[in-house]
Amino acid sequence: MVYTIEMLMQRIRSGDKQYDPEKIQTAYEFAENAHKGQVRTSGEPYISHPVAVAYILLEMCMDTDTICAALLHDVVEDTGVELDTIRRKFGEDVALMVDGVTKIGQVPLNTKEEQHAENIRKILMAMSKDIRVIIIKLADRLHNMRTLACRPPEKQRKTSLETMSFYAPIAHRLGMNDVKEEMEDVSLYYLDPYGYKEVESALAARKDKGESFIDTIKRRIAERITDIQPPPVIEGRVKSIYSIYKKVYVKGKNLDEIYDIYAVRVIVHSIVECYNVLGVIHDMFRPIPYRFKDYIATPKPNRYQSLHTTVIGREGIPFEVQIRTFEMHNTAQYGIAAHWKYKAGIGGKKVAGEQRFDWIRQILDQQQEADDVEQIAEAVKVDLAPDDVYVFTPKGDVITLPLGSTVIDFAYAIHTQVGNRMTGAKVGGRMATFDYQLKTGDIVEVMTTNSPNYGPNRHWLDIAKTNEAKAKIRSWFKRECRAENITRGKTAFDAELRRNSIVPDDEFLLQVAKRQHFDNVDDFYAAIGYGGVALSKIMQKTKEEYLKLQKPPEEPVQINISDTISDNIARKQSSGVIVDGIEGCDVRFARCCNPLPGDDIIGFVTRGFGVSVHKLDCKNVTEQQSNPANSERWISVKWAASAKAIYEAILDIVAQDRNSLIADITTAISASRIPIHEINAHNLKNGNASISVTLEIGGVEQLKNLVVKLKKIEGVVTVERTGK
Ligand code: MN
C-alpha cells in the first residue's frame, strides 16, 4: 500500500485531534523536493516512505512536530540538506528529532553478540533524549519491515535480526504492543519461514472452527453483561503468530496444549466494571488455576494494565480473557505513544522535556518486583545519571567504559598491544586528541603502528581514566614486556648494523651497551625495544667505534696484566652497588624509580637478571614487600663508596607555558654541565606545559642542586623526579 500526502491530510481532517495542517504540508513539500529523483528498491518514489512513517505516527495520535520530523527523517542523512535549514524552517524540536533519528540510525547494530543487545538497546534509548525520537525510529523500522519483500534475501535476514534483537524489545519496553507484535511476526516470517508457515497453516486449519468459537464466546459474554451501560466493546482474536511460535518451538508445546491461541477482550469504562466483568466471566466459565493475573492493581513495568484470566468453556477449548478500560486499552496498544493521544496535536514543545522522564518514574513507582524493573532501573540510570559510556569499535562491538574515559582507555580496553601501539584515534571518522572524552554512541577507531621504537607516552598516565589502562601503561614502562622488547630491539639494532656494514662480535656489542650505561646486551636491546634508546642517536658513534677497531694495530699489542685486572675490578664495581651476601652479582637499576647514588636503596633478586635495585620508597617496593611469596628475595644493598658512575634520571617539570621556556630550562641544565638524553614537552589543558627531561646524573647531590636551579626559572610550578 502506497501512502500519499492526500491520505495523510484526509486522516488529519477526519480525526478529532487538533493539528497544524499547514506545517505538515510544508514539511511534506520540503521533503518531497529534497528526495526528488530518489526511488526505493520497490520502484516507488522515495517520499512514499517518510509519508508512510508519518501515517503510522498519525495513527498513534502523535503531535504535529513528530509528524513533521517523520516526513523529514531521512532528509539530512540521504540528501544534502543541512540540519540548520530544518531548524530555521520547522523549529528546534523538529530539528532535534530529525537529528536524533539520523544519529541512532548510525549506531552499528551487531546482532552476533547476544550479551551486547541489552547495552545497545540502552544506548538507543539514552541517545533518544526526546522519547519521540525512538517512537519515530520504531515507526520507520515498522514501515521498512512492511516493505521488506522488495529487498535482497541477505538484507531481509539482517534487518529482521536487528528488528527482533533491538527494536521489538524496545517497543515492548515502551508498551507499544501492536508495534512489537507486528515487528516480531514479520521478522519471524523472514528468519524462520518454515516455522512461520507451520504455525500459520496450523491456525488456518483451525480457522473456521476458531472463528465460530470466538463469535460464540463473544455473544455469550455480551448477553450476560447487558446491564453495563454504555455497553462494553468485546473483541476476539487469534494471538500473534510469534507468541504461538515461541510456545511451540521454544517451550516445546503442542498447539493443542497452548491455552492462549484465542483471546477475548472486554473493554469497559471504569475499573469497577473491570472487576464486575471478571466475576461474571469466572461464573460463566471454569477458570484455569494460577492463570489469573491482576495487572490493574500491579501494572507491568511498561505501564500495561488489564485483568487476565484463562478459562475453559463447554467446548473444552481454553481461551484467555483480557478485561480493561478504554484508557488502559489505548496504553496497551500504543504504550508510551498513548501519552500524546489526549494532548494537543499542536505545540508539543512543553511536553518534550517532561515526557522524557515522567513515564520512567511512573513505571518505577508502579511496580517494584517485576523482572523488567531492574532493566528499566538500569536504563534510567544510563538516562539520568550515566556512570558509563557505551562506545563502539568500527565493527560494532560495544565497549563499556566509565564516564570521562578517553581514547587511550578505549585502546587499552580492546587490547594491551592496541594501547601500546596507538598513534592516534578517530572518533566518528574524525581525528580526536588523546584526551578526547568519549560519549555514548561514539564510534572509535584506533590507529596503531608496528614501528619497533613505539610505545605509550608517559603523560598518558595523566590522561587515562581507567585503572586498567594506567596499570598497563605502567607495566609497559616497568618493562614487563621485556622479552618482546629484547626481540624487537635486537631486530631493529641488527638491521641498523647491517645497513652500516657492521659485523659485531659479542665483545663489541657489550661495549656498545655499556656506553649507553647498560650492564648487559639484553638490557640494551630491551631499551631499544621500548624506545628508551633511539638508534638514530647512537649509530654514528657506534660506526666510528667499529671502524676504529677494524684498523690494524700499528704497534704490537703489549698485554698489560695490571690493566686487565683493574678493568675487571672497574667492571664489577661499575654499578657502584654492593650487594650483601651475594658476590659478583649482576646489578641493574629499576626503571620505575631510577635510584641515584645517595638514595636509600633495596635489592630484589630477579629470576635470571641479577639484582634489581630500587629506591627504598619506591611504590613497587612498598607494594611488593607485603607479598610473603617474595619475602626471601628482598636483600639489602648499599652504594659503594666509589660510586661515581653516571646514572639516568628523569625530571618532570610543570610550568606556565611561555616563549623560550624550554630554552631557559635546557640552558640551566647545560650550565650545570649535565648532559640531556631526551626532552619531551606537551601542553596541559590548564595552560601549563609538562616537560620531561632525561638526564645523565652523577649523584643525588648534583640532582638536588639542579632542581633548586630549575625551580627558580620563571613560571616553573613543580619539578619532580619520576618513579617516586
Ligand atoms: Mn527511514
Side-chain angles (χ1 to χ4, degrees), residues 408 434-435 455-464 470 473-479 516-517 527 530-534 537 576 588-602 613-623 639 643-724:
I408 295 175
F434 283 112
D435 59 358
N457 191 307
R458 267 179 203 279
H459 81 260
W460 288 6
L461 283 170
D462 304 329
I463 299 172
K470 286 182 181 179
I473 297 168
R474 275 197 212 98
S475 88
W476 190 89
F477 279 105
K478 273 190 253 159
R479 296 200 283 161
Q516 299 301 321
H517 316 291
Y530 72 78
V533 168
K537 285 184 190 154
R588 63 184 188 116
F589 297 105
R591 295 200 74 89
C592 45
C593 53
N594 282 315
L596 293 180
D599 283 335
D600 288 331
I601 49 174
I602 188 164
V613 176
H614 292 260
K615 286 170 72 175
L616 201 54
D617 58 1
C618 169
K619 222 178 110 211
N620 289 323
V621 173
T622 16
E623 273 172 16
W639 297 103
K644 276 207 179 91
I646 301 296
Y647 300 87
E648 194 175 82
I650 300 166
L651 290 182
D652 274 348
I653 304 163
V654 174
Q656 286 161 10
D657 201 9
R658 57 172 172 86
N659 285 337
S660 68
L661 172 69
I662 306 260
D664 289 353
I665 289 170
T666 49
T667 311
I669 298 171
S670 312
S672 309
R673 302 192 179 283
I674 298 171
I676 302 174
H677 269 195
E678 208 178 324
I679 184 158
N680 288 308
H682 70 274
N683 289 327
L684 301 176
K685 269 196 199 151
N686 54 10
N688 282 352
S690 163
I691 300 130
S692 156
V693 208
T694 312
L695 304 164
E696 275 186 12
I697 285 286
V700 162
E701 280 309 311
Q702 191 186 19
L703 193 66
K704 274 184 189 160
N705 292 336
L706 177 64
V707 169
V708 171
K709 270 194 196 172
L710 290 173
K711 280 188 174 163
K712 284 183 187 154
I713 294 175
E714 186 200 330
V716 168
V717 185
T718 54
V719 180
E720 268 167 15
R721 218 173 120 195
T722 56
K724 235 187 166 157

**Student:** Rounded to the nearest 0.5 Å, what's the gap from CD on Glu696 to CD1 on Ile676? Could you check?
**Tutor:** 11.0 Å
**Student:** Atom CD1 of Ile653 and atom CD1 of Ile679: how far apart are they, to the nearest 0.5 Å?
**Tutor:**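 Here the interatomic distance stands at 6.5 Å.
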**Student:** Going by side-chain contact (heavy atoms from CB on, under 4.5 Å), name the residues that satisfy it together with Val700, two or more places apart in sequence or in a different chain.
**Tutor:**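 Scan of Val700 (side-chain contact (heavy atoms from CB on, under 4.5 Å), adjacent residues dropped) gives Leu596, Asp599, Lys704.
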**Student:** Side chain to side chain donor-acceptor pair (under 3.5 Å) with Asp600: which residues, sequence neighbours excluded?
**Tutor:** none
**Student:** Locate the shortest heavy-atom distance separating Gln702 from Arg673; write the atom from each residue and the value.
**Tutor:**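 Heavy atoms only, the tightest pair is NE2-O, 4.4 Å.
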**Student:** Quick check: do Ile408 and Ile473 have side-chain heavy atoms less than 4.5 Å from each other?
**Tutor:** yes
**Student:** Kindly write out the residues that satisfy side-chain contact (heavy atoms from CB on, under 4.5 Å) with Leu684, not counting sequence neighbours, or none if the list is empty.
**Tutor:**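 Residues passing side-chain contact (heavy atoms from CB on, under 4.5 Å) with Leu684: Val654, His682, Asn686, Asn688, Ser690.
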**Student:** Taking atom CD1 of Ile602 and atom CG of Asp617, what is their separation to the nearest 0.5 Å?
**Tutor:**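 So the gap between those two atoms works out to 11.0 Å.
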**Student:** Using the side-chain contact (heavy atoms from CB on, under 4.5 Å) criterion, which residues pair with Lys709? Sequence neighbours excluded.
**Tutor:** Ser672
**Student:** Determine whether Leu706 and Leu695 make a side-chain contact, defined as any pair of heavy atoms from C-beta on separated by less than 4.5 Å.
**Tutor:**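 Yes, side chains in contact.
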**Student:** Report, one line per pair, each donor and acceptor closer than 3.5 Å where one atom sits in a side chain of residues 710-718; sequence neighbours left out.
**Tutor:**
none

**Student:** Not counting sequence neighbours, list each pair that qualifies as a salt bridge (Lys or Arg N to Asp or Glu O under 4.0 Å) and has a residue in residues 655-672.
**Tutor:** Arg658-Asp664
**Student:** Which pair of non-hydrogen atoms, one from Val621 and one from Lys615, has the smallest distance, and what is that distance?
**Tutor:** CG2-O, 3.5 Å
**Student:** Over all heavy atoms of both residues, which pair between Phe434 and Ile463 is shortest? Give the atoms and the distance, please.
**Tutor:** O-CG2, 3.7 Å
**Student:** Which distance, rounded to the nearest 0.5 Å, do you find between the CD1 of Ile697 and the CD1 of Ile650?
**Tutor:**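 If we round to the nearest 0.5 Å, Ile697:CD1 and Ile650:CD1 are 11.5 Å apart.
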**Student:** Under the side-chain contact (heavy atoms from CB on, under 4.5 Å) rule, what do Leu661 and Ile691 come out as? Steps first, then yes or no, please.
**Tutor:** CA-CA 10 Å; Leu661 172 69; Ile691 300 130; 3.7 Å; yes
